[in-house]
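Keep in mind that the numbers below use all heavy atoms, side chains included, and drop hydrogens, waters and symmetry copies. Numbering starts at 1 and runs along the sequence shown.
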Amino acid sequence: MILSIESSCDDSSIAITQIEDAKLIWHKKISQEKAHSSYGGVVPEIASRLHANDLPQLLFMAKNAIDFKKLKAIAVTTQPGLSVTLIEGLMMAKALSLELQIPLIGINHLKGHIYSLFINQKESLFPLSVLLVSGGHTQIIDAYHKMSMRIVANTLDDSFGESFDKVAKMLKLSYPGGPAIQDLAQHYSGSEFYDFPIPLKNHKEIAFSFSGLKNAVRLVVEQGGEKSKIAKSFQNVACKHILQQTERYFKRYATHSHFAIVGGASANTTLREGMQELCKKYHKKLLLSPLEFCSDNAAMIGRYAIEKYLNNNFDAIQTLQCLPKSSDEEFEYITQ
Ligand code: KG4
Ligand code: ZN
């Protein structure tokens with residue numbers, strides 16, 4: 001079995017995954033949402049201290065549930081993420097690896113999100129085109145091989161999830177903003193919407209941008225616009241933008257027959273429904289992670305760790321570091 005640790009942002013999580021059949025044996029997560037709620041975003045210093053408190057609690061629970069003698073490796077998210085929170089998981093992983101005398105595996109969080117599709121499944125499915133939408137990233141990724149992936153399109157400014165968090169803050173809703181905006185939007189039953197511009201409609205490259213949309217929303221908020229109408233109009237335009245850029249990707253590139261949406265914001269219902277239709281039009285099979293594994297979790301880290309374990313792809317205690325950005329070896333970049 002592999003014990004995996006996730007602490008890249010505001011969720012402390014530990015999982016234990018069976019190597020042979022990829023079965024998730026044990027998984028727990030302590031979310032810090034409440035602690036950051038009044039700030040409208042994650043406060044790194046608070047997050048770091050909470051991980052220092054919560055990770056040992058989770059480890060203690062895991063130790064009661066599973067005989068640690070069965071562990072063959074320790075996996076931990078090392079990039080990308082907040083340095084001060086990643087370090088908490090990494091130090092725990094190093095201590096465990098040293099104490100149990102088993103190898104250490106550093107995991108890229110974004111690849112972890114992609115492997116959230118295959119939790120509890122022995123087989124993974126590649127090649128695959130992926131839309132990753134989270135609080136820190138909005139990317140189209142060509143996952144042409146289990147381990148080798150190319151970034152095709154990126155955001156020029158904010159991420160999709162981040163724009164929901166910022167608009168929620170303007171509307172004085174709770175953090176994280178995604179579920180809060182989605183809930184409020186559901187309460188709007190009118191047929192008229194605010195006329196927010198769809199970003200990058202005529203941009204040469206396939207890319208994403210949310211800062212212009214965010215500012216357009218801010219103006220309407222300042223003019224005293226109706227909250228639920230703002231939430232629904234914003235959500236519609238943000239999703240339409242994602243769908244438009246994805247359609248351009250389908251048209252321009254020889255894409256794979258399977259398309260996946262992963263990351264915390266892939267829980268958005270409007271986005272999921274729109275993507276179902278788009279995939280139908282372009283004859284793609286849409287893959288989605290179960291809702292519980294969309295947001296950050298250690299189960300996806302453990303699932304990807306199996307691939308690295310089977311390839312003897314281990315890291316040295318002395319040199320494994322945490323990085324705020326993905327390292328150059330993890331992804332190639334396509335110049336459009
Ligand atoms: O993947 P994740 O848990 O953490 C990161 O790696 O960033 O994603 C969290 C992000 C937050 O910005 C949150 O507001 C957004 O995902 N999110 C959503 C929804 N649920 C979570 N955004 C839009 N609609 C949702 N239903
Ligand atoms: Zn994430």
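The environment of CG in D67 is crowded: more than 12 heavy-atom neighbours from other residues, nucleotides or ligands sit within 6.0 Å. Heavy-atom neighbours of N215 CG from other residues, nucleotides or ligands within 6.0 Å: above the threshold of 12. Around NE2 of H187, the count of heavy atoms belonging to other residues, nucleotides or ligands within 6.0 Å does not exceed 12. Counting non-hydrogen atoms of other residues, nucleotides and ligands closer than 6.0 Å to CD of Q186 gives a total above 12. Residue K94 places its NZ atom among more than 12 non-hydrogen atoms of other residues, nucleotides or ligands, all under 6.0 Å distant. The local environment of CD in Q121 is crowded, with over 12 non-hydrogen atoms from other residues, nucleotides or ligands closer than 6.0 Å. Counting non-hydrogen atoms of other residues, nucleotides and ligands closer than 6.0 Å to CZ of F60 gives a total of 12 or fewer.
Judged by a 6.0 Å distance limit and a 45° cone about the ring axis, K284 is positioned over the six-membered ring of F250. Taking the centre and axis of the six-membered ring of Y144, the NZ or CZ atom of R150 falls inside the cone set by 45° and 6.0 Å. Both tests pass for K111 against the ring of F331: distance under 6.0 Å to the centre and angle within 45° of the axis.
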Where do L104 and L320 land on the side chain to side chain contact (heavy atoms under 4.5 Å, CB included) test, with the steps shown first?
-> CA-CA 9 Å; L104 185 63; L320 186 61; 3.7 Å; yes
For L156 and H203, what are the C-alpha separation, side-chain angles and deciding distance, and is it a side chain to side chain contact (heavy atoms under 4.5 Å, CB included)?
-> CA-CA 11 Å; L156 305 176; H203 195 69; 4.2 Å; yes
Step by step, work out the side chain to side chain contact (heavy atoms under 4.5 Å, CB included) result for T17 and N120.
-> CA-CA 8 Å; T17 310; N120 277 318; over 6 Å; no
So S228 and E226, side chain to side chain donor-acceptor pair (under 3.5 Å) or not? Walk me through it.
-> CA-CA 6 Å; S228 62; E226 190 197 332; 3.3 Å; yes
Side chain to side chain contact (heavy atoms under 4.5 Å, CB included) between H27 and I16, worked out | CA-CA 6 Å; H27 177 227; I16 293 172; over 6 Å; no
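Using a distance-only test at 3.5 Å, with no hydrogens or angles considered, no donor-acceptor pair links the side chain of K28 to the main chain of A62. Between the side chain of S8 and the backbone N or O of G81, no donor-acceptor pair lies under 3.5 Å. Distance alone, capped at 3.5 Å, places no donor-acceptor pair between the H256 side chain and the P127 backbone. No donor-acceptor pair under 3.5 Å is formed between the side chain of S97 and the backbone N or O of I74. Side-chain atoms of K308 come within 3.5 Å of backbone N or O of G106 as a donor-acceptor pair. The main-chain N or O of V84 is found under 3.5 Å from a side-chain atom of S48 such that the two form a donor-acceptor pair. Side-chain atoms of Q336 never come within 3.5 Å of backbone atoms of E205 as a donor-acceptor pair (strictly under, hydrogens ignored). Distance alone, capped at 3.5 Å, is enough to place a donor-acceptor pair between the S13 side chain and the A298 backbone. Side-chain atoms of N297 come within 3.5 Å of backbone N or O of A299 as a donor-acceptor pair.
Between the side chains of S211 and D158, no donor-acceptor pair is found at a separation under 3.5 Å. Counting only N and O atoms by type, the side chains of S209 and D157 include a donor and acceptor under 3.5 Å apart. Defined by atom type and a distance below 3.5 Å, a donor-acceptor pair is missing between the side-chain atoms of H51 and T85. Side-chain polar atoms of Q182 and T269 form a donor-acceptor pair below 3.5 angstrom. Using modelled atom types and a 3.5 Å distance limit, the side chains of T138 and T155 yield no donor-acceptor pair. In this model, a donor atom of one side chain and an acceptor atom of the other lie less than 3.5 Å apart for N108 and S326. Looking at Y282 and E247, their side chains do bring a donor and an acceptor atom within 3.5 Å of each other.
Using a 4.5 Å cut-off on side-chain heavy atoms (C-beta onward), M1 and K72 make no contact. Looking at D315 and T319, their side chains never come closer than 4.5 Å, going by heavy atoms from C-beta outward. A 4.5 Å side-chain heavy-atom check between L110 and L132 finds at least one atom pair inside the cut-off. At a threshold of 4.5 Å between non-hydrogen side-chain atoms, the residues L291 and R272 count as touching. Contact annotation: the side chain of L117 never approaches that of L288 to less than 4.5 Å [non-hydrogen atoms, C-beta and beyond]. Considering only heavy atoms from C-beta on, V237 comes within 4.5 Å of P199 through its side chain. Contact annotation: the side chain of L96 approaches that of L59 to within less than 4.5 Å [non-hydrogen atoms, C-beta and beyond]. The closest side-chain heavy-atom distance from I5 to L90 is not below 4.5 Å.
By the criterion of side-chain heavy atoms lying less than 4.5 angstrom apart, applied directly or through intervening Ile, Leu, Val, Met, Phe, Trp or Tyr residues, F196 is not grouped with L200; the two fall into different hydrophobic clusters. Under the 4.5 Å side-chain heavy-atom criterion for ILVMFWY residues, no single connected hydrophobic cluster contains both L310 and L3. Criterion: ILVMFWY side-chain heavy atoms under 4.5 Å apart, direct or through other members. Under it, I19 and I66 are not part of a common hydrophobic cluster. Both I151 and I107 are members of a single hydrophobic cluster when ILVMFWY side chains are connected at heavy-atom separations under 4.5 Å. Both I206 and F160 sit in one connected hydrophobic cluster of ILVMFWY residues. Membership requires side-chain heavy atoms under 4.5 Å apart, directly or through other members.
The two atoms that bring S124 and E307 nearest to each other are OG-OE2, 4.2 Å, heavy atoms only. The two residues D165 and G177 make their nearest non-hydrogen contact at OD1-N, 2.7 Å. Of all the heavy atoms in H137 and P80, the pair that sits closest is CE1-CG, 3.8 Å. Between T77 and E6, the closest heavy-atom pair is OG1-OE1, 2.7 Å. Annotation for D296 and K29: closest pair O-NZ, 2.7 Å, computed over non-hydrogen atoms. When every heavy atom of G190 is checked against every heavy atom of F193, the shortest pair comes out as O-CZ, 4.1 Å.
Paired with S116 under the rule side-chain hydrogen bond (donor to acceptor under 3.5 Å, both in side chains), one option of S295, S289, S266 passes, and it is S289. Each of I261, L278, L271 was checked for a side chain to side chain contact (heavy atoms under 4.5 Å, CB included) with I242, and the lone residue meeting it is L271. Shown are Y115, F118, Y309; of these, the ring-ring contact (aromatic ring centres under 6.0 Å, His included) with Y304 is made only by Y115.
If you look at H241 and F210, their ring centroids are closer than 6.0 Å.
To the nearest 0.5 Å, atoms CG (L125) and NZ (K146) are separated by 10.5 Å. Annotation: the span from K229 atom NZ to S189 atom OG amounts to 11.5 Å, rounded to 0.5 Å.
Classification of the F259-Y249 ring pair by plane angle, with boundaries at 30° and 60°, yields tilted.
Between E20 and K122 no salt bridge is recorded (no basic side-chain N to carboxylate O distance below 4.0 Å). Under 4.0 Å is where a charged nitrogen must lie from a carboxylate oxygen, and between R49 and E45 at least one such pair does.
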